[in-house]
2 protein chains.
Amino acid sequence: MTDHLITISEPTLRRLPLYYQFLLRKKQNGDTSVSCPQIAQDLELTSIQVRKDLQSAGAVGRPRVGYVIDEVLVTLSELLGYSNTKDALLVGAGNLGIALLDYEGFEEHGLNIVAGFDVDEEKLGKVFQGKRIYDLSDFKRIASRLNIKIAIITTPASSAKEVCDIMIDSGIKAIWNFAPIHLSTPDDVIVENVNLTASLAVLSNRLERSID
Amino acid sequence: MTDHLITISEPTLRRLPLYYQFLLRKKQNGDTSVSCPQIAQDLELTSIQVRKDLQSAGAVGRPRVGYVIDEVLVTLSELLGYSNTKDALLVGAGNLGIALLDYEGFEEHGLNIVAGFDVDEEKLGKVFQGKRIYDLSDFKRIASRLNIKIAIITTPASSAKEVCDIMIDSGIKAIWNFAPIHLSTPDDVIVENVNLTASLAVLSNRLERSID
DNA sequence: TAGATTGTTAATCGATTAACAATC
DNA sequence: TAGATTGTTAATCGATTAACAATC
């Protein structure tokens with residue numbers, strides 16, 4: 001894993017999955033190589049930016065020709081964790097939580113949700129896509145036994161902080177947080193937020209401004 | 001709406017919902033004013049950044065005292081579109097789409113999803129939280145009749161582009177896109193992406209690096 | 001060879017952070 | 001008044017964009 005010593009900026013990291021997905025389409029199309037201008041055109045970016053991004057991902061191309069699609073796909077899938085699927089636990093079996101449990105697509109992106117947790121007795125024992133809902137009080141025991149490092153929070157904001165504390169106490173090292181609230185964690189526990197209210201705010205504000 | 005002439009940077013806009021939510025908690029706590037250092041401490045930001053953000057949102061405070069919570073809440077709710085709920089249509093009644101349809105919480109953030117669409121006959125006619133699933137071919141008719149400007153894409157990436165085209169053709173001006181693919185639209189149609197694969201990529205990569 | 005595209009170094013732009021005067 | 005916090009102007013930092021030589 002010594003090739004992971006390169007740090008990739010967050011803006012770049014967020015664009016890489018789009019490149020990956022475009023390259024897959026190209027490959028299915030029968031293409032074997034691709035150039036920055038091609039990628040840039042499809043994604044409406046500048047070719048300079050694509051070049052820089054691929055460079056910082058460690059991809060190497062050939063002038064005039066571009067990049068070998070298969071090579072870049074391998075590089076990106078390593079970098080994005082697609083080639084090393086990890087188990088995760090999810091807390092909060094509401095609509096969103098169950099949607100994520102039910103969704104099979106995360107596995108090809110390196111994430112395998114193995115079980116859900118909730119405090120609502122009505123939900124306990126239910127099974128979605130082979131994944132059972134357990135009582136939150138079982139979280140630590142199961143996380144330790146399965147040696148799980150990734151957890152997902154899909155609870156309401158009001159309970160997210162205490163759920164986060166349970167996760168930290170259970171040895172979780174990465175939290176994918178869907179609750180619209182800031183979570184405070186030790187340095188060795190990372191948090192990635194999916195804040196739908198923030199995204200919606202951007203949409204509303206921009207729409208308002210474009211109409212004015 | 002002339003006070004909307006201020007343009008707010010996207011990083012700032014994404015932090016404002018967190019401030020809003022914190023202020024609500026403070027208010028429920030019985031507080032009437034709040035200072036930047038207080039907000040900063042709770043959200044683990046710098047007080048300078050909070051001050052700048054509030055300033056660009058148009059909030060005015062008093063030295064030594066801080067900001068009047070009720071005033072800031074009003075300012076932010078206007079800016080974030082919370083006080084002016086708009087109708088929206090959703091296309092793609094899979095797990096995620098139904099989770100969003102089912103969720104009642106968006107209304108207090110200014111979004112009211114009134115119906116869903118799909119091409120899968122099995123889903124047509126089903127009703128979630130009073131919201132019916134219609135055939136995609138009815139989209140344009142319904143969007144025009146209800147004069148709807150906002151639409152949500154929760155289809156697989158493979159069909160997102162054609163769905164996007166239908167939306168543009170139907171007079172939609174803002175698209176909340178959950179499909180992990182770039183959508184190309186005219187200047188007067190804005191797109192806000194929620195790309196879970198990108199978010200997951202950041203999580204995986206950071207976890208990998210923190211373990212090394 | 002000619003010319004398109006890569007790799008790399010420099011310039012620009014915008015967001016964050018710092019500094020400090022104003023003020024309640 | 002003293003001191004904490006705001007408002008505002010300046011400095012820094014990092015990401016994007018530009019420029020251009022190297023190369024296939």
Side-chain angles (χ1 to χ4, degrees), chain A residues 6-19 22-23 26 31-73 75-76 79 182 198 201-202 205-206 209, chain B residues 3 6-19 22-23 26 31-72 75-76 79 182 198 201-202 205-206 209:
Chain A
I6 336 125
T7 302
I8 297 177
S9 79
E10 193 165 316
T12 295
L13 208 38
R14 291 187 181 277
R15 285 188 292 270
L16 294 181
L18 292 171
Y19 300 172
F22 176 70
L23 293 185
K26 281 298 226 182
D31 293 318
T32 56
S33 69
V34 72
S35 72
C36 291
Q38 283 176 296
I39 300 174
Q41 181 170 33
D42 186 78
L43 301 179
E44 291 183 307
L45 301 170
T46 67
S47 68
I48 309 152
Q49 185 166 52
V50 175
R51 208 152 81 240
K52 280 277 190 184
D53 285 345
L54 288 181
Q55 188 172 239
S56 73
V60 178
R62 271 192 295 176
R64 192 78 214 269
V65 182
Y67 299 79
V68 177
I69 290 179
D70 281 333
E71 282 180 19
V72 182
L73 284 174
T75 304
L76 292 181
L79 216 50
H182 173 75
V202 174
N205 185 272
R206 297 293 180 236
R209 288 191 50 75
Chain B
D3 57 337
I6 336 126
T7 302
I8 297 178
S9 79
E10 192 166 317
T12 295
L13 207 38
R14 289 186 183 279
R15 284 187 293 268
L16 295 181
L18 292 170
Y19 300 171
F22 176 69
L23 293 185
K26 279 297 224 183
D31 293 317
T32 56
S33 68
V34 70
S35 72
C36 292
Q38 282 176 297
I39 300 175
Q41 182 171 31
D42 186 76
L43 302 179
E44 290 182 309
L45 302 170
T46 67
S47 69
I48 309 152
Q49 186 167 52
V50 175
R51 205 152 83 240
K52 280 280 190 180
D53 285 344
L54 288 181
Q55 187 171 241
S56 72
V60 177
R62 272 192 294 174
R64 189 82 213 267
V65 182
Y67 300 79
V68 175
I69 291 180
D70 281 334
E71 283 180 21
V72 182
T75 304
L76 291 181
L79 215 51
H182 173 76
V202 173
N205 186 271
R206 298 295 181 234
R209 289 190 51 73

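Naming convention: chains lettered A, B, ... in sequence-line order (proteins, then strands); numbering from 1 in each chain.
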*Between B/E10 (CD) and D/dA15 (P), how many Å, whole number?*
16 Å
*In Watson-Crick or G-U wobble terms, both distances under 3.5 Å, what is the partner of C/dA15?*
D/dT12
*Name the residue closer to the 5' end of DNA chain C, choosing between A/R64 and A/R51 according to the nucleotide with the nearest heavy atom.*
A/R64
_Separation of atom CD in A/Q55 from atom C1' in C/dT8, rounded to whole Å_ = 7 Å
_Please name the nucleotide paired to C/dT23 by Watson-Crick or G-U wobble geometry with both distances under 3.5 Å, or report none._
D/dA4
*asked:* Nearest to the B/S9 side chain among C/dA15, C/dC24, D/dA15, which nucleotide is it?
replied: C/dA15
_Nearest whole Å is fine: how far is D/dA15 P from A/L16 CG?_
13 Å
*Relative to the 5' end of DNA chain C, which residue comes earlier, A/K52 or A/R62, by the nucleotide with the nearest heavy atom?*
A/R62
*Protein-nucleotide distance (A/L13, atom CG; D/dA15, atom C1'), rounded to Å*: 14 Å
*Which nucleotide in the list D/dT5, C/dT5, C/dT16 gets nearest to the side chain of A/P63?*
C/dT5
_Rounded to whole Å, how long is the line connecting atom CD1 of B/I8 with atom P of C/dT16?_
13 Å
*asked:* How many whole angstroms separate atom CD1 of A/I48 from atom P of D/dA15?
replied: 17 Å
